[in-house]
**Q** 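Sharing a structure with you now.
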Amino acid sequence: MNRQEAEKQVARLRQQIAYHNYRYHVLDSPEISDAEFDRLMRELEALEAQFSDLVTPDSPTQRVGGQPLDRFATITHTTPMLSLQNAFEEEEVREFDQRIKRFLKTDRDLPYVAEPKLDGVAVEVLYDDGAFTLGATRGDGVTGEDVTANLRTIRSLPLRLLPAGEVPVPAYLEARGEVLMLRRDFEALNQKQEAAGEKVFANPRNAAAGSLRQLDPRITAQRPLRIYFHSVGALRGTAIRTHWELLQAFKAWGLKVEPNITLCETIEQAIAYHRRLSQERERLPYEIDGVVLKLNDRALQDELGTIAKSPRWALAYKFEAKQAVTRILEIRPQVGRTGALTPVAVMEPVTLAGVTVSRATLHNQDEIDRKDVRAGDWVMVQRAGDVIPEVVEVLKERRTGTEEPYRLPDKCPECGSRVVRFEDEAVSRCVDMACPAQVRERIIHFASKRAMDIEGLGEKLVEQLVDRALIRDPADLYALTRDDFMQLERMGDKLASNLLDAIARSRRTTLPKLLFALGIRHVGETMAKLLAEHYPTLDALMPATEEELSAIHQVGPEIAKSVVAFFAQPENRRIIEKLRGHGVHYERVKAMAGRKLSGQSFIFTGGLTALSRDEAKARVEALGGKVVSSVSKTTSYVVVGEDPGSKLADARRLAVPILNEEEFLKLLE
Ligand code: IVH
């Protein structure tokens with residue numbers, strides 16, 4: 001190939017690569033396989049190696065390059081990067097809207113764009129004639145740091161803006177957004193860091209900031225950063241009337257925009273959006289700490305201008321904080337139903353996401369050592385979703401020297417038995433199955449809603465029953481009498497009757513619920529269901545060997561071992577017999593065992609030739625398998641037909657086995 005031809009081919013390849021990069025990283029909907037993408041990249045690399053003068057900084061081959069820096073250069077933002085006024089209450093949001101209306105002398109409803117407030121690192125990215133030229137952190141809003149080389153490594157950042165249909169690519173654009181890390185990427189990064197003996201990050205935001213501020217861009221390139229755009233500094237060469245249109249133009253140019261942004265016709269709609277998002281926030285793949293409301297009309301934005309350091313036309317409507325600072329008064333070991341000793345921090349009460357908390361889990365000794373948590377420490381605690389609050393980090397600068405390091409005891413605090421830590425485990429356990437704390441926790445679990453569902457039998461009651469030696473194992477519940485209950489504190493006739501009824505009702509259950517209730521280690525609700533699908537009765541399951549169990553898809557060796565160990569314990573067999581003697585029984589579920597695909601899940605992507613999707617689904621189901629809609633680590637197979645979509649990439653990322661049509665048909669035979 002001569003130079004002229006090479007130049008043309010290089011341009012063509014770059015365009016294709018930019019487009020497929022956009023399909024993959026921005027739209028999450030690739031059109032070609034990873035292998036094909038790699039082939040395009042390799043061809044471009046080869047040409048650039050041959051004709052080195054064709055290499056340009058915005059070539060996709062140049063994402064990871066550049067030498068480590070001594071320090072970042074300082075950049076002065078041409079248009080200051082402002083901050084936002086905050087609000088926490090609905091009333092403050094209505095006042096914000098009223099203020100704007102007064103200022104604009106109008107009483108008609110004003111549309112706002114509502115966006116998630118992303119908890120990342122604010123950056124500005126410059127595009128000159130569509131080419132990425134410079135990127136900087138927000139810094140103090142006036143000056144920031146030049147992180148161009150690091151930003152270039154982020155795959156979702158286009159190195160060239162894509163020519164969009166209606167809105168021409170601007171002559172000059174200062175696009176502003178947030179660099180962040182997805183929760184799952186953050187978890188994986190921390191695992192990797194820990195394994196390598198490197199620093200772990202307290203939260204995804206810190207991980208994103210730490211990764212973006214690496215002096216060596218090759219390190220940043222290995223960190224799973226993403227970028228979402230939400231606002232603009234200077235914009236020349238394109239007229240855009242509203243913020244909503246701006247965000248649409250961003251998308252068309254290849255700049256990723258958060259998918260939950262919504263155009264609200266009134267402030268009340270914006271308030272409703274906040275309410276909805278605050279419930280969904282834990283389900284989002286990244287952390288957000290509120291909603292940003294922006295007046296949609298850009299001309300009106302200009303008219304309103306800024307006050308102090310914030311625009312009058314925008315508002316950060318925050319969620320209730322789920323992190324707070326408090327002090328640890330004491331660290332206590334707590335014994336669970338499997339004997340595991342969990343260190344728990346007893347803290348000065350503090351409000352987290354609207355709930356007062358005074359206890360946080362410290363997980364295990366390794367976690368205590370890693371975070372160096374001591375009694376008396378000031379700590380940052382957080383609550384995510386329904387999970388128990390946890391200590392995120394210790395505020396070491398607030399130490400006075402009186403804080404005391406903590407070690408879990410080597411004797412069980414409840415029964416005095418030995419506490420052991422098995423080699424391959426992070427947890428320490430009390431070895432005595434008859435330990436009153438274990439007995440109590442096992443029975444609480446047995447009676448819980450998702451297990452035997454004994455309504456009204458809560459922790460306090462179980463504790464009293466165990467303390468008074470009225471029950472020693474779950475089966476004893478079925479022998480309790482009215483007189484037994486009447487001995488308890490605050491017990492009346494009516495309550496005793498209700499409890500006896502609830503216990504009686506629970507005799508009739510299902511096998512999955514019973515299996516879950518027994519409290520076999522590693523057997524949660526889902527695993528209990530799966531086991532029940534393969535073994536229609538307890539009698540069938542009890543003699544199963546590790547080998548047989550591991551042959552079931554999704555049953556790993558650890559689970560198999562734990563099931564076998566459970567039924568090998570004479571005490572557990574005795575309890576099962578006792579339960580039967582008290583009339584505990586379950587309805588048989590239709591036997592799924594033995595069907596070829598039982599317990600297996602399939603996903604289809606792309607078109608099949610020999611049969612339709614519906615036919616394929618029916619065939620899988622007829623063999624006991626199921627067809628699901630999104631790929632996860634537990635998906636058994638992704639079946640790939642012609643023109644597959646993004647699920648193929650998901651499968652590769654999650655290492656889910658991939659079948660082509662032929663292999664799939666063979667499996668059905
Ligand atoms: S707009 C003048 N939109 O919050 C308005 N900011 O407190 C400029 N942030 O540093 C910001 N998500 O980086 C805007 N959807 C969003 C945002 C957002 C997060 C950050 C932003 C800024 C800070 C302002």
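Whatever order the structure lists them in is the order used to number ligands and atoms, beginning at 1.
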**Q** Looking only at heavy atoms, what is the nearest atom pair of I240 and A249, with distance?
**A**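 So the two residues come closest at CD1-CB, 3.9 Å.
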
**Q** Give me the one residue out of T56, D58, T61 that meets side-chain hydrogen bond (donor to acceptor under 3.5 Å, both in side chains) with R14.
**A** T56

**Q** Between T605 and P644, is there a donor-acceptor pair closer than 3.5 Å when you use the side chain of the first and the backbone of the second?
**A** no

**Q** With rounding to the nearest 0.5 angstrom, report the CZ to CZ distance, R23 to F37.
**A**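 So the gap between those two atoms works out to 13.5 Å.
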
**Q** What are the two closest non-hydrogen atoms of I154 and R63, and how far apart are they?
**A**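 Heavy atoms only, the tightest pair is O-NH1, 2.7 Å.
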
**Q** Below 4.0 Å from any atom of ligand 1, which residues have a heavy atom? Give them in chain and number order, please.
**A** L84, E115, P116, K117, L118, A122, R138, E178, H230, S231, V292, K294, P311

**Q** Is there a ring pair (Phe, Tyr, Trp, His ring centres under 6.0 Å) between H274 and Y317? Walk through the geometry before answering.
**A** CA-CA 8 Å; H274 177 273; Y317 181 10; 3.4 Å; yes

